[in-house]
Number of protein chains: 2
Amino acid sequence: MTNFKAYLNHISLDCVIFGFHENQLKVLLLQMKYTKKWALPGGFVKKEESFEEAAERVLKERTGMDNIFLQQFHVFSDPKRSEMNPAVKDLEKSGSGEGLDWFSQRFISTGFYALVDFHKVDPAPDFFSDKCEWKALEEIDNLMMDHRQILDKALETLRLHLTYQPIGYNLLPKKFTMPELQKLYETILGKSLDRRNFQRKILSYKILNKLDERKKGGAYKAPYLYEFNLENYNKALKEGFSGSW
Amino acid sequence: MTNFKAYLNHISLDCVIFGFHENQLKVLLLQMKYTKKWALPGGFVKKEESFEEAAERVLKERTGMDNIFLQQFHVFSDPKRSEMNPAVKDLEKSGSGEGLDWFSQRFISTGFYALVDFHKVDPAPDFFSDKCEWKALEEIDNLMMDHRQILDKALETLRLHLTYQPIGYNLLPKKFTMPELQKLYETILGKSLDRRNFQRKILSYKILNKLDERKKGGAYKAPYLYEFNLENYNKALKEGFSGSW
DNA sequence: GGATAAAATGTCACACTGACACAATATTAG
DNA sequence: CTAATATTGTGTCAGTGTGACATTTTATCC
């Protein structure tokens, strides 16, 4: 309690930004300039910000978007996490930081996941990276530090939330088809679902409005379009789906 | 990124320690020396510790116990949280810290909840407090800073976990009765459940072993004793209860 | 030792679930 | 242009889980 330095930490956050495109769940990643490793968009928290505000700022910078659905899910605080991977050295090489003293401090990161409409995102690299791209889950490899672990935890949390919350409004365009919504659920859950049972169940939640339009131009029979019933959707977000007790 | 001080934060954690006693859910609280406000047991994170290790240390100090069931649930990072309540001044009065400079920094706290066997705890106050006591949920009042908010979030999380995880092994003695287990669920959920349906459901999870003993000495008909089937209990902890998809 | 209060067990109707069949329809291929 | 095709819309049925409630059993109470 007596020494300042003992409590000096680098407080950062990392965002797992999920988007849905071409029937695939994708994550927005940055490629680092020197090592070419991939990283989750993140940044340091300023002293006058809450973590949530900082996450909004990071998201705005990387995607150009405001008002994104954001959810804090875990703090990664292993004192060795910055050593776990030579990637910290990249930062050093890249000219940021103040030399060894800066890097000898520990790095603490809070994980957020974000759900966004793929088409509305305008990906922008940051100072340390030369690419900012969407990657489908299976394509993701060669992540820096413990970012694989952070990503996995985000997915795990998202799956869990799926069981008691509606999801989709932030990931899909305004109008969408039942097969699209199902595919979204399937990719998040990592398993396939029965088409007819899925429809019955999701409709029973009353969070969808069936439209009179059909989605033409696709292959074979044209599916109906749906939109979310925001009133019920938001109610469900707050109250959650039943829960088994 | 250029200024050290800009990234100086006080990294702490607060523990919501739940125990179950006399059919009530209780929380272990400290009473502060000067303001007499109540506080969750907490502490600063040392530089060489993960948050989990720091939480274990805090729990050991306050309860005398090791190997406690611990779960990180939220980070409280509002820059104003230390100002929100004059309680920070208490710390100042109490002689800790290095004066204004120290208190002008922000306080970030990660919330953990812990589940413990009430009878195994030996409550010990810390340097800033003169009491360390169990309080039933309804008795809790006059908490310092944002500790009420932290407590509420812990409860909310615990309730959620109840729907997809077994709970009880850490809160109840080795042998317990069905009415005791039900009362635990009822207090966590804050509502009463049908006795017969509860039993049917909890048994269907296969996490209990029915013993041949009965709990004598109570009032009227003696209930059977149960113990947890650790093998199935741990399996359920990992895999979770079904989930609706 | 009978009254009492709680525990153990059982029943029944209904909702939900998983597995699967068949009809309808827009596109595609010849 | 027409038939084949892949996909969507709708429906059924049996098995399981759920909520509501009645009856029997049993250790204490008086």
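Just so it is clear: chains get the letters A, B, ... in the order the sequence lines come, proteins before strands, and each one is counted from 1.
With respect to A:K174 and A:D117, no salt bridge is recorded, no charged nitrogen being found less than 4.0 Å from a carboxylate O. Using a 4.0 Å cut-off between charged side-chain N and carboxylate O, A:E186 and A:K183 make a salt bridge. Using a 4.0 Å cut-off between charged nitrogen and carboxylate oxygen, B:D141 and B:K135 do not count as a salt-bridge pair. The residues B:E61 and B:R57 are annotated as salt-bridged, a charged nitrogen and a carboxylate oxygen being separated by less than 4.0 angstrom.
At whole-Å resolution of the value, CZ in B:F198 and C1' in C:dA8 are 15 Å apart. Atom CD of B:E213 is separated from atom P of C:dA7 by 17 Å (rounded to the nearest Å). Counting to the nearest Å, the C1' atom of C:dA15 and the OH atom of A:Y205 are 14 Å from each other. Rounded to whole Å, the distance from NZ on B:K216 to P on D:dC29 is 13 Å. When the P atom of D:dA6 is taken as reference, atom NZ of A:K215 falls 21 Å away, rounded to whole Å.
Near DNA chain D, defined here as any heavy-atom distance below 4.0 Å, there are no residues from residues 235-245 of chain A. Listed by residue number, the members of residues 181-192 of chain A with any heavy atom below 4.0 angstrom from DNA chain D form an empty set.
Under the 30°/60° scheme for interplanar angles, the aromatic rings of B:H21 and B:H119 are found to stand perpendicular.
Contact between B:T63 and B:L28 at its shortest, heavy atoms only, is CG2-CD2, 3.8 Å.
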Report, one line per pair, each donor and acceptor closer than 3.5 Å where one atom sits in a side chain of residues 165-172 of chain A; sequence neighbours left out.
none

Could you list the donor-acceptor pairs under 3.5 angstrom formed between side-chain atoms of residues 235-245 of chain B and any protein atom two or more places apart in sequence or on another chain?
from, atom 1, to, atom 2, distance (Å)
B:S244, OG, A:K201, NZ, 3.0
B:W245, NE1, A:L162, O, 3.3

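Under the rule for a ring pair (Phe, Tyr, Trp, His ring centres under 6.0 Å), B:F20 has no partner lying at least two apart in sequence or in another chain.
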Scoring nucleotides 9-17 of chain D by protein non-hydrogen atoms under 4.0 Å (B base, S sugar-phosphate only, - none) yields BBBB-----

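Ring centroid separation for the pair A:H161 and A:F73 does not come in under the 6.0 Å cut-off.
Checked options B:I207, B:N234, B:N209; the residue passing with B:F228 is B:I207 (criterion: side-chain contact (heavy atoms from CB on, under 4.5 Å)).
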